[in-house]
Protein chains: 2
Amino acid sequence: MTDDSADESDAGRRAPLTGRELAKALGISQSTISRAFSEGATISPKMRAKVLEAARELGYQPNVIARSLTTRRSGIVGIVTANMTNPFYVSILQPLARRLQQMGLQTLLFSVPSGQQIDSQLPLLLQYNVDAIVVMTGTISAEMARRWADAGRLVLPFSYTIPELDLPSVSCDNEAGGRAVAQHLVQMGHKRPAFVGGHPHSATSVARGRGFAQGLEELGVPLFGRLDTGEYTYEGGYAAALELGRTRPDAIFFADDIMALGGMDALRFGLGLSVPQDISVVGFDNIPLAGWPTYELTTFAQPVEPMIEAAVRLLTRRDGEAVTAEHSALLPGTLVQRKSVRARGR
Amino acid sequence: MTDDSADESDAGRRAPLTGRELAKALGISQSTISRAFSEGATISPKMRAKVLEAARELGYQPNVIARSLTTRRSGIVGIVTANMTNPFYVSILQPLARRLQQMGLQTLLFSVPSGQQIDSQLPLLLQYNVDAIVVMTGTISAEMARRWADAGRLVLPFSYTIPELDLPSVSCDNEAGGRAVAQHLVQMGHKRPAFVGGHPHSATSVARGRGFAQGLEELGVPLFGRLDTGEYTYEGGYAAALELGRTRPDAIFFADDIMALGGMDALRFGLGLSVPQDISVVGFDNIPLAGWPTYELTTFAQPVEPMIEAAVRLLTRRDGEAVTAEHSALLPGTLVQRKSVRARGR
DNA sequence: TTCAATGTTGCATCCGGATGCAGCCTGATG
DNA sequence: CATCAGGCTGCATCCGGATGCAACATTGAA
């Protein structure tokens, strides 16, 4: 634009251009630069265009850190996760991160020991002016949740809920899913269906188990057996299936896919049973592995896409609108029938 | 401590305590607070203790954002990844993130479309004053790499290298791995070994393939077939195995495990072959799935732990010491023998 | 043509910590 | 007891943008 802009664009310069430098080059004030880059600021369209054009030319971009110092917003969303070995979480994490990126948000990954209270980690995240956190695991104290709400920060349990707190959450309708599985199994003629949960107190596991048990009860089939020691892992599912399998159920519903796969391997290799000839297996999540020919696992699919969209919508709300439990999204999933369930004659 | 500290600790306060507030409460200056929290600052041990104690009591923690504005360091490490569906990356990401956390560093997750140049994303990361980036995929232009080096930022290719650039990197000795696989297969009596790579130009795939080919050559066994269309995915491996399998090799070495698993399924379910009776399969990485009883995949294990330690060591270097390609860590892996390779008689 | 209302821009200051420099205090030395 | 060095602390200012308020420009109406 102006003449002395030339040396500013010198490729050799180290530090990135600051707003004041750009302002000087254009003969205007730093405030104007700032306004050109903020949405609703009072600035003439002509001036804004001029600034943006010059910025593009000279490679100026507002420094996010400095900005967040005053705005107290960072454009960063924290994601708290444990157990990333579970493919389901990965199949969430990847698209979620990418969607957030598209919306101009960054993703700060936070890995916590499985099942633990995450309170102790949160102040640290607050330090980074994280705008919101998506919690895929663990529990939060009411006290800490309140502190975050007070600070205008959204805490969003994803794919599970923390029943005691008034937090919005995004999850699949787990209870309906459990019920759907029960109906399917009964319809296919099963008489001795069993259930393997993740943890006895995990809200997710409890909901799926409850839906399953109620669905069976409604159809007059008793729950043949139950174990809550699957821990949402392959190994846990393997061990649980080994134990439960000896009692000869004719079907096992696992509260998630990775446990179901472990369970199938236990039934096949540990007990020498054949799935689905000797026993049917159903999972929950519909991770990619469930479709592999070795497993062909029938499973209740979580609506991953809609869940991510719902989360993104909540995360990109303008402040001011408080977001409470009423904004929760409880989305319906669908039963995906493959080959791990067989009709049993009677 | 002092009397008016009482109302500072009032649980109802919204914004976190600032250094100036804490200073006032203690009757000292903000500079002193700052010094108490920075490593090599000139401050008496007694004063530091007093400040830290009061800080703990009143819940003060220095604001990371403000700090990074002047220091130009943020304590954040960016991790650039594509293809998180590959369990290998997950098995790196999780422990790496946790280790970094232990060192007081945060992890900013950056997901880019697979195989793409990541240049366009990097300025954004620089905006966040990210201290370093760990690149698990993609390529960087020399220009951009230089810009980062100039800014005192470490760019660390992990588990692969970008041959043209003078960057340190952490990876497994892929060529040695390929050679070890060749030796094992020949020793087990294979005469028609084939190779499936990820991409024709991927440095990793090329190195593994070269080691394999050279190893075979040294032992006087010709490479029976080769395909570089595996794309590091299950589906790619499946397709490649289908194609290659028809030519009847007696063993296939896949450049990574996930392709190998796809390949095994293709051989078994697509071609009706039995592994290892009809054909042997070897992978690379040693992901958890490789040990599952359905697969029992023989594979060359990457030394994940040492690789992560090496990365953390490079990432936590004090500045000033330039880190160049000479600091690269090329770590040895080990062949894990399971049941997907069978000795072939004459 | 004049005055007011509206629209733009600049000035000054703030966000929370880091840091160069000056001033103070301590203790050791002569 | 005086003096000087070295160790600590406080003061002032900076990092890069955001923003309330005042000043100025523009436009339209009277």
Side-chain angles (χ1 to χ4, degrees), chain A residues 8 13-52 54-55 58-75 123-124 126-129 151-152 319, chain B residues 8 13-52 54-55 58-75 123-124 126-129 151-152 319:
Chain A
E8 300 290 354
R13 75 193 320 288
R14 300 311 178 76
L17 208 58
T18 72
R20 287 182 224 273
E21 291 172 320
L22 180 62
K24 202 165 61 175
L26 288 172
I28 60 179
S29 78
Q30 175 264 326
S31 324
T32 303
I33 305 289
S34 168
R35 292 194 176 101
F37 281 93
S38 33
E39 202 69 25
T42 60
I43 181 175
S44 67
K46 227 170 32 181
M47 180 60 96
R48 169 170 279 155
K50 183 173 147 192
V51 171
L52 294 183
L58 305 182
Y60 167 77
Q61 282 186 284
N63 180 309
V64 195
I65 297 283
R67 168 179 286 171
S68 81
L69 188 56
T70 52
T71 60
R72 294 176 175 291
R73 311 253 130 222
S74 58
L124 186 60
L126 206 41
Q127 286 237 336
Y128 279 92
N129 279 351
D319 346 301
Chain B
E8 299 290 355
R13 74 194 319 289
R14 299 312 178 75
L17 207 59
T18 73
R20 286 181 227 274
E21 292 173 319
L22 180 62
K24 203 165 61 178
L26 287 173
I28 60 178
S29 78
Q30 176 264 327
S31 324
T32 303
I33 305 288
S34 168
R35 292 194 176 100
F37 282 92
S38 32
E39 202 68 27
T42 59
I43 182 174
S44 68
K46 226 170 30 182
M47 180 61 95
R48 169 170 278 154
K50 183 172 148 192
V51 171
L52 294 183
L58 305 182
Y60 167 78
Q61 283 187 282
N63 180 309
V64 195
I65 297 284
R67 168 180 285 172
S68 81
L69 188 56
T70 51
T71 60
R72 293 175 176 293
R73 312 251 130 224
S74 59
L124 186 60
L126 206 42
Q127 285 236 338
Y128 279 93
N129 280 350
D319 344 303

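Just the heavy atoms: all of them, side chains too, but no hydrogens, waters or symmetry mates, feed the values below. Order of the sequence lines sets the chain letters (A, B, ...), proteins ahead of strands, with each chain counted from 1.
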Pairing donors with acceptors under 3.5 angstrom, does anything connect the side chains of A:Thr32 and A:Ser29? yes

Can you name the ring-ring contact (aromatic ring centres under 6.0 Å, His included) partners of A:Tyr128, sequence neighbours left out? none

Donor-acceptor pair, side chain of B:Gln127 and main chain of A:Ile65, under 3.5 angstrom: no

Under 3.5 Å, is there a donor-acceptor pair between the side chain of B:Ser74 and the main chain of B:Ser68? no

Roughly, in whole Å, what's the span from [atom1] in [X] to [atom2] in [N]?
{"X": "B:Leu22", "N": "C:dA18", "atom1": "CG", "atom2": "P", "value": "13 Å"}
{"X": "A:Phe37", "N": "D:dA18", "atom1": "CZ", "atom2": "P", "value": "10 Å"}
{"X": "A:Asn129", "N": "D:dA18", "atom1": "CG", "atom2": "C1'", "value": "14 Å"}
{"X": "B:Gln127", "N": "D:dC15", "atom1": "CD", "atom2": "P", "value": "18 Å"}
{"X": "A:Lys46", "N": "C:dT8", "atom1": "NZ", "atom2": "C1'", "value": "11 Å"}
{"X": "A:Leu17", "N": "D:dG17", "atom1": "CG", "atom2": "C1'", "value": "14 Å"}
{"X": "A:Met47", "N": "D:dT26", "atom1": "CE", "atom2": "C1'", "value": "14 Å"}
{"X": "A:Arg72", "N": "C:dC14", "atom1": "CZ", "atom2": "C1'", "value": "11 Å"}

Regarding the side chain of B:Pro45, the nearest nucleotide among C:dT9, C:dG10, D:dC8 is D:dC8

Starting the side chain at C-beta, find the nucleotide from C:dG16, D:dC8, D:dC15 nearest to B:Ser44. D:dC8

How would you label the contact of [X] with the nucleic acid (heavy atoms, under 4.0 Å): base, sugar-phosphate, or nothing?
{"X": "B:Leu69", "result": "base"}
{"X": "B:Gln61", "result": "sugar-phosphate"}
{"X": "B:Ile28", "result": "sugar-phosphate"}

Is the closest side-chain heavy-atom distance between [X] and [Y] below 4.5 Å?
{"X": "A:Tyr60", "Y": "A:Val51", "value": "no"}
{"X": "B:Thr18", "Y": "B:Asn63", "value": "no"}
{"X": "A:Leu58", "Y": "A:Glu21", "value": "no"}

Assign each of A:Thr42 and B:Ser68 to its nearest nucleotide of DNA chain C by heavy atoms, then name whichever residue's nucleotide is nearer the 5' end. A:Thr42

Starting from the 5' end of DNA chain C, give me the residue, A:Arg20 or A:Ile43, whose nearest nucleotide shows up first. A:Ile43

At less than 3.5 Å, do the side-chain atoms of A:Arg67 and the base atoms of D:dG16 form a donor-acceptor pair? no

Reading 5' to 3' through nucleotides 19-26 of chain C, protein heavy-atom contacts under 4.0 Å coded B for base, S for sugar-phosphate only, - for none: BBB-----

